[in-house]
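Below, chains carry the letters A, B, ... as their sequence lines are ordered, and counting in each starts from 1.
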Protein chains: 2
Amino acid sequence: MPDIKHFDPDATLETVVRLFWRQGVASTGIQDVVTATGLNRSSLYATFGGKQELYFAALRRYLEQRSQPMFRRLAEDERGLPAVSEFFAGLIEARCSGEYAQWGCMVSNAHAGVENSDPKVRDVLDQHHRELREAMYAALVTAERQDQLAPGADPGASADLLALLAYGVNLRSRAGADAASLRKTVAAALGSLGVRAAA
Amino acid sequence: MPDIKHFDPDATLETVVRLFWRQGVASTGIQDVVTATGLNRSSLYATFGGKQELYFAALRRYLEQRSQPMFRRLAEDERGLPAVSEFFAGLIEARCSGEYAQWGCMVSNAHAGVENSDPKVRDVLDQHHRELREAMYAALVTAERQDQLAPGADPGASADLLALLAYGVNLRSRAGADAASLRKTVAAALGSLGVRAAA
DNA sequence: GCCATCCTGAAATAAGGATTCCAAGATACT
DNA sequence: AGTATCTTGGAATCCTTATTTCAGGATGGC
C-alpha cells in the first residue's frame, strides 16, 4: 500500500537536536534544517509537523538521550561524593572540549530564550530540573550513609545547590569559561560539603 | 544650524533594554522597537546604527545601570555574610516578582543565545562575570576578617561558587522557579560557608 | 501488472525581517 | 527672514522566513 520513508527519522532528529542545541530555536531556520538533514521540506513537515513541534521533539530527545543517562548514572552510583565529583568532571569535560564545546546544555539554553513561553517546553525544563535534583539527592544520601558528609550538611538543600551550580557551569561554559576554573569551583563546592574534598 | 533630537536617547535605550531583556535579540524585531519606543525607523538607525549595535548598546546599559550598582553595593557592604545574604535576597525578589518577574538576567540570557558569538558581546559577559565574582570576593574577605567563615573556607573559591550560583538562580527563575525554594537553596549554600547560617 | 497510498522534489505563497531613501518639517545661527 | 543642517515620517527595497501545494515517482499488497 503506502510507500515507506526514505530516511531515518531518528537520525534526522539527532541532526536537528544539534542544530537547535547550538543555535537555539529563534536563530535556526527551517532552511538550516533542510540543508543539514539533506531531506526535503515536505518530508520534514509530514513527519514532524511545524517548527515548534520539531523543536519540542528535539528537546525531548535531548532530555532522554543526553540528560537522563547522566542523571541515571549519578543516581545509581553507590560511591557517594566521588560519584558527584565525577558527574561534574564529565559535565565540564563535555561542555568545554570536544564536539560540543561551548554549546552549553540545550535545556539550560532553553531557559533563557523565548522557547520557554510554550507550556509544554516549560514542562520539559521542570522535569529536567526535578530529575537532576533527585539524582543529586540520591547520590548525597548515599554519601551520607557512608559518613562522607560534613556534620550538619543537609542532602536535600545540598542537592538543590549542586543542581543550580550545574546550570551555572552550563551557562558560563557556553561563553567560553575556562574548564580549569570551573573544576576548581566545583571542587570547592564539594569540599564545603564533605569531610574531605572528593577526587 | 542643526535641528535637535525630538526624543530622549537615554529613555529610548531603556525601553530597548526591556525589549531585548525579555525577548532576546533574535526574537525582537526592529518593528517591535519602533512600536515600543514610538519613534521612527530613521531616527533609530541614525542614532544607534543597526540592530546589532542597538543590542550591544542595550546590553552595556543593562550592565552599567542594573548589574554594576548591585555589585558595588555588595562589595562595599561591610557586614560580611549578611551582605551576601541580602544580595541574593534582592536578586531572587527581583527575578521572581514585580515588573521583571521571569525575565531572568539580560546578561545571563545572553550567555545562552547566539548573541554571544559577537566578541564584543562576549567581552561584556566576561566583564559581568569578573565583576560579580570580585564583589562576592570582597564581601567574603570582609566576612573572613570578622570570623564569620567556617574554618578552612576559602573566600576565592567560595566567590566563584556563589557567582555561578547566581547564574543558576537567574536561569531557573526565568522558567518560573519558586522564590521560596530558591531562597532555601541560597540559605543552604551560605550556611555551608559560615559558622552559622546568615539571615 | 495494477492501483491506492504514501513519499519526494521544487516551486509558489504570504508574511515578516532589516535596512535605505527621499521629500517634508523643524531648528538655530547669521 | 534666510538658509544650511539636521530630524522625521512613511514608503520602498530586497532578502529571508515558515508553510503549503502539487505533479510526478516509488512502494507494496492484490
For A:H6 and C:dC7, is the shortest distance between a side-chain N/O and OP1 or OP2 below 4.0 Å?
no
With sequence neighbours excluded, what pairs up with B:S108 under the side-chain hydrogen bond (donor to acceptor under 3.5 Å, both in side chains) test?
B:N170
Roughly, in whole Å, what's the span from CG in A:N40 to P in C:dT8?
8 Å
Holding to salt bridge (Lys or Arg N to Asp or Glu O under 4.0 Å), I want the full list of residues that pass it with A:R172, two or more places apart in sequence or in another chain.
B:D126
Nearest-Å distance for atom pair CZ/P, residues B:F7 and D:dT7:
8 Å
hydrophobic_cluster_shared for A:L164 and A:L74, side chain cutoff 4.5 Å:
yes
Note: contacts of residues 41-51 of chain B with DNA chain C (heavy atom, under 4.0 Å) are B:R41, B:S42, B:Y45, B:G50, B:K51
Pairing residues for B:R18 by the salt bridge (Lys or Arg N to Asp or Glu O under 4.0 Å) criterion, not counting sequence neighbours
B:E14, B:E99
Could you give the NZ-to-C1' distance, from A:K5 to C:dC6, as a whole number of Å?
9 Å
Less than 4.5 Å apart, any side-chain heavy atom of B:R95 and any of B:L91?
yes
Kindly write out the residues that satisfy side-chain hydrogen bond (donor to acceptor under 3.5 Å, both in side chains) with B:D32, not counting sequence neighbours, or none if the list is empty.
none
Just to verify, what does B:S42 make a side-chain hydrogen bond (donor to acceptor under 3.5 Å, both in side chains) with, not counting sequence neighbours?
B:N40
Among pairs that include at least one residue of residues 152-164 of chain A, which meet side-chain hydrogen bond (donor to acceptor under 3.5 Å, both in side chains), considering only residues two or more places apart or in two chains?
A:R133-A:D160
Give, ordered by number, those residues of residues 12-22 of chain B having at least one heavy-atom distance below 4.0 Å to an atom of DNA chain D; if nothing qualifies, reply none.
none
Could you tell me the separation between the CG atom of A:L39 and the P atom of C:dG9, rounded to a whole number of Å?
8 Å
Suppose the criterion is ring pair (Phe, Tyr, Trp, His ring centres under 6.0 Å): which pairs have a residue in residues 66-89 of chain B, not counting sequence neighbours?
B:F71-B:H128
Does any pair with a residue in residues 10-34 of chain B pass ring pair (Phe, Tyr, Trp, His ring centres under 6.0 Å), and if so which ones, sequence neighbours excluded?
B:F20-B:Y55, B:W21-B:Y62, B:W21-B:Y100, B:W21-B:W103
Close residues, residues 26-35 of chain A, relative to DNA chain C [heavy-atom separation under 4.0 Å]:
none
Salt bridge (Lys or Arg N to Asp or Glu O under 4.0 Å) partners of A:D10, counting only residues at least two apart:
A:R61
